[in-house]
Amino acid sequence: MAETAAPATSFENNLSHRVSPAAQLRAAFETGSVRGAVELGEIAFLTMVGLRVDRNSDAGQRVASVTGGLPAASGGVSGTGDTSVLWLGPEEFLVVAPTEAHESLGGDLIQALREALADGEGQVVDLSANRTTFELSGPRSRAVLEKGCSLDLHPRALLAGTALSTEIGNIPVVLWKTGEESFRLFPRASFADFLGRWLLDAMREYASPEVP
């Protein structure tokens with residue numbers, strides 16, 4: 001007797017109808033990645049929340065209790081568990097959390113942030129559809145980014161755990177160095193295709209067997 005498949009959950013149903021901004025490049029990312037040198041992929045549908053709040057105010061302290069802290073200066077990243085908060089400005093932050101934290105999938109992060117802000121001065125805005133996430137990793141990842149980024153990306157200047165607003169290939173992004181050889185890039189969804197193709201082109205030389 002054939003087994004009956006379990007009915008799809010609302011989580012699965014919601015995800016099945018979503019198309020990521022760089023979905024058309026998935027195969028190109030796989031074939032263009034060079035194992036042992038540099039690899040590129042899209043992390044689709046992360047929950048992202050824009051925060052505007054004075055971190056030293058009562059509202060800021062309440063919000064910080066939800067996120068695990070708010071960074072104090074440019075480049076700072078704080079948070080707890082799977083939730084990270086990136087500094088964008090003196091009173092502006094980007095919260096990055098797993099897909100399932102979104103309220104459309106049963107998550108409560110955004111509602112918790114709104115409740116923490118309460119009637120305090122500031123904003124909590126769902127930006128999950130505003131950006132996508134590219135992950136670039138490998139020993140050649142910095143060299144790829146240096147082809148189109150004016151920041152000093154040398155490890156002595158950009159430490160792991162630092163996030164800064166910049167441009168890559170003339171595309172505005174938030175660049176987060178997540179490890180010694182790994183970066184996350186957050187371009188706006190409308191620029192994802194262009195930036196993805198730019199990164200693939202910048203990676204191409206490392207596919208050559210002549211490159212050490």
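Atom set for the values below is all heavy atoms of this structure, side chains included, hydrogens, waters and symmetry mates excluded. This chain uses plain numbering: 1 for the first residue, then up along the sequence.
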Is the number of heavy atoms from other residues, nucleotides or ligands within 6.0 Å of [atom1] ([X]) greater than 12?
X	atom1	answer
Asp152	CG	yes
Glu121	CD	no
Arg62	CZ	yes
Asp201	CG	yes

Closest heavy-atom pair and its distance - Ala97, Thr83: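 Taking Ala97 first and Thr83 second, the nearest heavy atoms are CB-OG1, 3.9 Å.
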Would you kindly say whether Thr132 and Glu42 are connected by a side-chain donor-acceptor distance under 3.5 Å?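 Their side chains do contain a donor-acceptor pair, which is all the 3.5 Å distance test asks for.
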Measuring from [X]:[atom1] to [Y]:[atom2], what's the distance to the nearest 0.5 Å?
X	Y	atom1	atom2	answer
Leu151	Thr166	CG	OG1	3.5 Å
Asp126	Glu103	CG	CD	6.0 Å
Thr67	Phe93	OG1	CZ	9.0 Å

Quick one, [X] and [Y] - any side-chain contact, counting heavy atoms below 4.5 Å?
X	Y	result
Trp198	Ile171	no
Phe134	Val173	no
Arg142	Leu158	no

Is it true that a side-chain atom of [X] and a backbone atom of [Y] form a donor plus acceptor pair closer than 3.5 Å?
X	Y	value
Ser128	Met48	yes
Ser33	Leu40	yes
Thr47	His102	yes

Residue that, paired with Cys149, satisfies side chain to side chain contact (heavy atoms under 4.5 Å, CB included) out of Leu185, Ile168, Leu164: Ile168
Tell me whether Leu175 is reachable from Leu88 by hopping between hydrophobic residues (I, L, V, M, F, W, Y) whose side-chain heavy atoms are closer than 4.5 Å.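 In one cluster: no.
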With the threshold set at 4.0 Å, does a side-chain nitrogen-carboxylate oxygen contact exist between Glu91 and Arg52? no
Thinking salt bridges, do Asp193 and Arg197 make one under a 4.0 Å N-O criterion?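 So Asp193 pairs with Arg197 through a salt bridge.
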